[in-house]
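Below: the structure, in structure tokens.
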Amino acid sequence: MVNEKSMKKLTSAEIFDIVWSSLRNSELANEVPTMYADHFPEKTTNSQLSGEFIVVSPLSNVFEDIQVATVNVNIYCPDITPTIDRIEQRYPNRKRLGELSKLAYKALSVFPVYDRYFFTALSETVLSEQDFSYSFINFKVQLKNY
């Protein structure tokens, strides 16, 4: 007999809650306690930001023979901004981003859920914000229901 939970398709909200809870209950949350759902507050300026933060947002949820859903997890870290020859430079804090990346992989490795849902961190990319002095690690986390 097939387990009813394994046949169930998860909604985007349920998938978001699983990823959010996993991050919230991880070592990463001890290091980066500020998390936002879907986006960080609008009209944010560099002077309003302080410290590191995480933004989690669902991207897609496709219902076919195999359900495939994707969630974005962005971990923001202030850039290093040294002044060289009286000109402020801006560089991603790659050392800190690397530390946070390792914690994120651990936080996202608690799956499968309900025996048949598998989550995988598909990609990791370091990107820089254009409007303020932050860079971030972008994880694309994919769920597959077999």
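Since the structure is predicted, the reported quantities are computational estimates derived from the model, not experimental observations. Note that these values count all heavy atoms, side chains included, but never hydrogens, waters or copies made by symmetry.
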Could you check M35 against V56 for side chain to side chain contact (heavy atoms under 4.5 Å, CB included), going step by step and ending with a plain yes or no?
CA-CA 8 Å; M35 285 179 55; V56 180; 4.0 Å; yes

When you measure from the side chain of [X] to the backbone of [Y], do you find a donor-acceptor pair of N or O atoms at a distance under 3.5 Å?
{"X": "Q142", "Y": "V71", "answer": "no"}
{"X": "S26", "Y": "L23", "answer": "yes"}
{"X": "T83", "Y": "R86", "answer": "no"}
{"X": "N61", "Y": "L10", "answer": "yes"}
{"X": "E31", "Y": "L28", "answer": "no"}
{"X": "S22", "Y": "A107", "answer": "yes"}

Linking I/L/V/M/F/W/Y whenever their side-chain heavy atoms sit closer than 4.5 Å, directly or via other members, would [X] and [Y] fall into one cluster?
{"X": "V32", "Y": "Y105", "answer": "yes"}
{"X": "L59", "Y": "W20", "answer": "no"}
{"X": "F132", "Y": "Y36", "answer": "yes"}

Set of side-chain hydrogen bond (donor to acceptor under 3.5 Å, both in side chains) partners for K140, sequence neighbours left out:
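For K140 the side-chain hydrogen bond (donor to acceptor under 3.5 Å, both in side chains) partners, ignoring immediate neighbours, are N72, N138.
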
So, using side-chain hydrogen bond (donor to acceptor under 3.5 Å, both in side chains) as the criterion, who are the partners of S101 when residues are at least two apart?
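If we apply the side-chain hydrogen bond (donor to acceptor under 3.5 Å, both in side chains) test to S101, skipping adjacent residues, the hits are E124.
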
For Y76 and F53, take the angle between the two ring planes, folded into 0 to 90°, and tell me which bin it lands in: parallel under 30, tilted 30 to 60, perpendicular over 60.
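Aromatic pair Y76/F53 classed parallel.
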
If we only count heavy atoms from C-beta on, is the I54 to T34 side-chain gap below 4.5 Å?
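When only atoms from C-beta onward are counted, T34 and I54 do not touch, as no gap falls below 4.5 Å.
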
So which atom in [X] and which in [Y] form the shortest heavy-atom distance, rounded to 0.1 Å?
{"X": "P78", "Y": "N93", "value": "O-CB, 3.7 Å"}
{"X": "P92", "Y": "I80", "value": "O-CD1, 4.3 Å"}
{"X": "N30", "Y": "P33", "value": "O-CD, 4.4 Å"}

For the [atom1] atom of [X] and the [atom2] atom of [Y], what is their distance to the nearest 0.5 Å?
{"X": "I137", "Y": "N74", "atom1": "CD1", "atom2": "CG", "answer": "9.5 Å"}
{"X": "F16", "Y": "S21", "atom1": "CZ", "atom2": "OG", "answer": "9.0 Å"}
{"X": "K95", "Y": "L100", "atom1": "NZ", "atom2": "CG", "answer": "12.0 Å"}
{"X": "D79", "Y": "F136", "atom1": "CG", "atom2": "CZ", "answer": "11.0 Å"}
{"X": "C77", "Y": "Y134", "atom1": "SG", "atom2": "OH", "answer": "8.0 Å"}

For residues 15-25, pull every pair meeting salt bridge (Lys or Arg N to Asp or Glu O under 4.0 Å), keeping only residues two or more places apart or in separate chains.
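Not a single pair qualifies under salt bridge (Lys or Arg N to Asp or Glu O under 4.0 Å).
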
Got a salt bridge between E129 and R90, using NZ or NE/NH1/NH2 to carboxylate O under 4.0 Å?
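Result for this pair is no, no salt bridge flagged.
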
Consider only side-chain N and O atoms of D38 and S57, and report whether a donor and an acceptor are under 3.5 Å apart.
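S57 and D38 do not have a side-chain donor-acceptor pair below 3.5 Å.
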
Going through the distances and angles, do E52 and I75 end up as a side chain to side chain contact (heavy atoms under 4.5 Å, CB included)?
CA-CA 7 Å; E52 301 158 343; I75 305 169; 5.8 Å; no

Is the number of heavy atoms from other residues, nucleotides or ligands under 6.0 Å of E27 CD greater than 12?
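Counting other residues, nucleotides and ligands, CD of E27 stays at 12 neighbours or fewer.
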
Is there a salt bridge (Lys or Arg N to Asp or Glu O under 4.0 Å) between R94 and E99? Walk through the geometry before answering.
CA-CA 9 Å; R94 292 191 186 277; E99 293 166 358; over 6 Å; no

